[in-house]
Amino acid sequence: MHVDTAIVGDGLIGLSTAIHLRRRGVSVAVIGGSSEGQASHAAVGMLTPACEYDPWMPAEFYDLLREGLDYYPRFLDDFGLSPESVGYRSSDFTLLDLAEREESVQERIGWMDKLGIDCRWLDRAEVCGLEPGLTPVAFNGAIRIKGEAVVNPRALLALLKERLDGALLRGGLTGVVEDGSRFRLTAGASQEVVADRVVIAAGSWSGDVGRRFGLDIPVCPVKGQIIRLTGTPGAVDSVIFMPSGGCGSIVERSPGEYIVGTSEEYLQPTTDNTAGVIGAILNRLCTVLPAASEWRIEETWSGFRPMTSDELPIIGFAQDDRIVVATGHHRNGILLTTVTGRLVADLLDGEETGVNLSRYGYGRRLRPHTRFATKY
């Protein structure tokens, strides 16, 4: 089989890239492997530039995060996906100033205002007025943020795979051979595809894939553990975001279905759920929202976020201009799913992206990474 572009990686960013290219008349093949540990399958699905941006990051990165959020409704409409089918909805976020933290989140109000984020500080009483299920002894106040959103990544993943079913090759990338100006790729035991160009969007496994092409893609896997519970519908009015350690969150994905997590573990290469981390997540949940102690645990899982040392994604051509790298999105893979697919398609088409991608280039100089401790 010959295609214009082969995408290595069947997570959301790879699939978003494929569907954008196909819409432009580009023939594609998507090479995917196991979903075990895949961030797209594991993610909670919060679309929140305000909570995920840090002021030490370049200001342009907030603009990219915001573009990711703003592009979601257009993407769904352009590709005929109803918001309900993928669990997409606008939501307020409540960024809790946890009593257990020495550093207050209230100081974030200053830079949030400068970025034009619609937010305000709430004292304990105001938080309890909006979120009566939360116990006031667990926090000092909160920042209430408007205009963010959530999506169900598993639902979006399933629908994009349906759209691209004929282009999906299973078994992972097992061989790469130069074939003149093209690449001859093998998926699984014997499926072959010849491609003029390649997109590497293999998440935490992008480094392994890159080595097959002679590339050094500096991403490391950051493990997160997540819990799905069933409880009383409407126990929270917003997404509860708790920036403690690896961060915690409470998201009501559907009425009475709660997704809670997640850890941020740098030295844990297995997908096992562990008693210490799951216990820590549940302890924080029940401390902040006491009624959750009666909720039923339905499922636990984990996944790996692909992270670069500067915590910014890689979106750009490799030294070989037949290859585009799209990985390293860390905590923002779901938020940046749709816009990354569009940007990669623009790059391959030679079009103006409308976004300054120099900050995210392959081969850029990366700062040393300081967050090597396991955090809950």
Side-chain angles (χ1 to χ4, degrees), residues 7-18 30-47 52-54 57 61 64-65 68 153-154 156-157 172-173 198-213 215-226 246-247 261-271 301-318 323-341 343-344 357 359-364 366-372 374-375:
I7 297 101
V8 184
D10 64 347
L12 281 171
I13 287 173
L15 297 177
S16 173
T17 299
V30 180
I31 299 175
S34 170
S35 64
E36 183 178 13
Q38 188 183 70
S40 297
H41 191 261
V44 174
M46 297 178 291
L47 310 178
E52 295 294 359
Y53 179 76
D54 277 313
M57 295 173 169
F61 188 51
L64 181 63
L65 295 176
R154 291 185 179 184
L156 181 57
L157 189 70
L173 180 70
V198 170
V199 176
I200 299 175
S204 291
W205 296 270
S206 295
D208 295 335
V209 171
R211 280 187 284 276
R212 290 185 175 271
F213 293 88
L215 304 178
D216 179 17
I217 302 176
V219 294
C220 68
V222 180
K223 182 177 178 179
Q225 300 188 44
I226 303 97
C247 175
T262 174
S263 62
E264 195 165 298
E265 305 166 62
Y266 297 93
L267 304 174
Q268 299 294 328
T270 68
T271 56
W301 66 86
S302 67
F304 297 106
R305 312 173 187 93
M307 187 187 71
T308 64
S309 64
D310 63 5
E311 300 188 39
L312 302 178
I314 301 171
I315 308 172
F317 285 104
I323 304 172
V324 171
V325 180
T327 189
H329 293 71
H330 193 210
R331 299 181 56 85
N332 297 297
I334 308 304
L335 172 57
L336 295 177
T337 282
T338 60
V339 73
T340 298
L343 291 171
V344 172
L357 293 177
R359 288 278 191 177
Y360 319 113
Y362 171 82
R364 69 179 183 268
L366 299 172
R367 70 174 177 84
H369 183 40
T370 58
R371 296 201 294 171
F372 283 113
T374 296
K375 304 194 297 183

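Just so it is clear, the structure is predicted and the values come from calculations on it, not from any experiment.
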### Message
Could you check whether any side-chain N or O of Arg212 sits under 3.5 Å from a backbone N or O of Asp208, counting only pairs where one atom can act as donor and the other as acceptor?
### Response
no
### Message
Checking Leu343 against Tyr360 for the side-chain contact (heavy atoms from CB on, under 4.5 Å) test, could you report, in this order, the C-alpha distance in whole Å, the side-chain angles of both residues, the deciding distance, and whether it holds?
### Response
CA-CA 12 Å; Leu343 291 171; Tyr360 319 113; over 6 Å; no
### Query
Which atom pair, heavy atoms only, marks the closest approach of Thr340 to Ala326?
CG2-CB, 4.1 Å
### Summary
Scanning both residues in full, the closest heavy-atom pair of Gln225 with Ser302 reads CG-CB, 4.0 Å
### Query
Looking at CZ of Arg364 and OG1 of Thr308, how far apart are the two atoms once the value is rounded to the nearest 0.5 Å?
5.0 Å
### Residue pair Ile31 / Gly172: nearest heavy atoms and the distance that separates them
CG2-C, 3.7 Å
### Query
Would Val324 and Phe317 count as a side-chain contact (heavy atoms from CB on, under 4.5 Å) if you check the C-alpha gap in whole Å, the side-chain angles of each, and the deciding distance to 0.1 Å?
CA-CA 4 Å; Val324 171; Phe317 285 104; 3.5 Å; yes
### Query
Between CD1 of Ile323 and CG of Leu215, what distance do you get to the nearest 0.5 Å?
5.0 Å
### Task
Any chance you could measure Leu156, atom CG, to Thr337, atom OG1, to the nearest 0.5 Å?
7.0 Å
## Note on the structure
Scanning both residues in full, the closest heavy-atom pair of Tyr266 with Glu264 reads OH-OE2, 2.6 Å
### Query
Looking only at atom types and distance, does a side-chain atom of Lys223 sit under 3.5 Å from a main-chain N or O of Thr270, one as donor and one as acceptor?
yes
### Query
What closest approach, in Å, do Leu64 and Pro313 show between heavy atoms, and which atom pair accounts for it?
CD2-CG, 4.5 Å
### Task
Return yes if some donor-acceptor pair links the side-chain N/O of Tyr362 with the main-chain N/O of Asp216 below 3.5 Å, else return no.
yes
## Note on the structure
Closest non-hydrogen contact found for Leu336 with Gly68 is CD2-CA, 4.3 Å
### His330 and Val219: CA distance, side-chain angles, deciding distance, side-chain contact (heavy atoms from CB on, under 4.5 Å) verdict
CA-CA 9 Å; His330 193 210; Val219 294; over 6 Å; no
Contacts under 3.5 angstrom, residues 200-207 side chains, donor-acceptor by atom type, not counting sequence neighbours:
from, atom 1, to, atom 2, distance (Å)
Ser204, OG, Phe304, O, 3.2
Ser204, OG, Arg305, O, 3.4
Ser206, OG, Ala202, N, 3.2
Ser206, OG, Gly203, N, 3.1
Ser206, OG, Gly203, O, 2.8
Ser206, OG, Thr327, OG1, 3.0

When the side chains of residues 35-46 are checked against the rest of the protein, which donor-acceptor pairs come out under 3.5 Å, sequence neighbours left out?
from, atom 1, to, atom 2, distance (Å)
Glu36, OE2, Thr271, OG1, 2.9
Gln38, NE2, Asp10, OD1, 3.2
Ser40, OG, Leu12, N, 2.8

### Query
Say you draw a straight line from CD1 of Ile334 to CZ of Arg331; how long is it, rounded to the nearest 0.5 Å?
12.0 Å
### Query
Can His329 and Ile315 be said to form a side-chain contact (heavy atoms from CB on, under 4.5 Å), step by step?
CA-CA 9 Å; His329 293 71; Ile315 308 172; 4.0 Å; yes
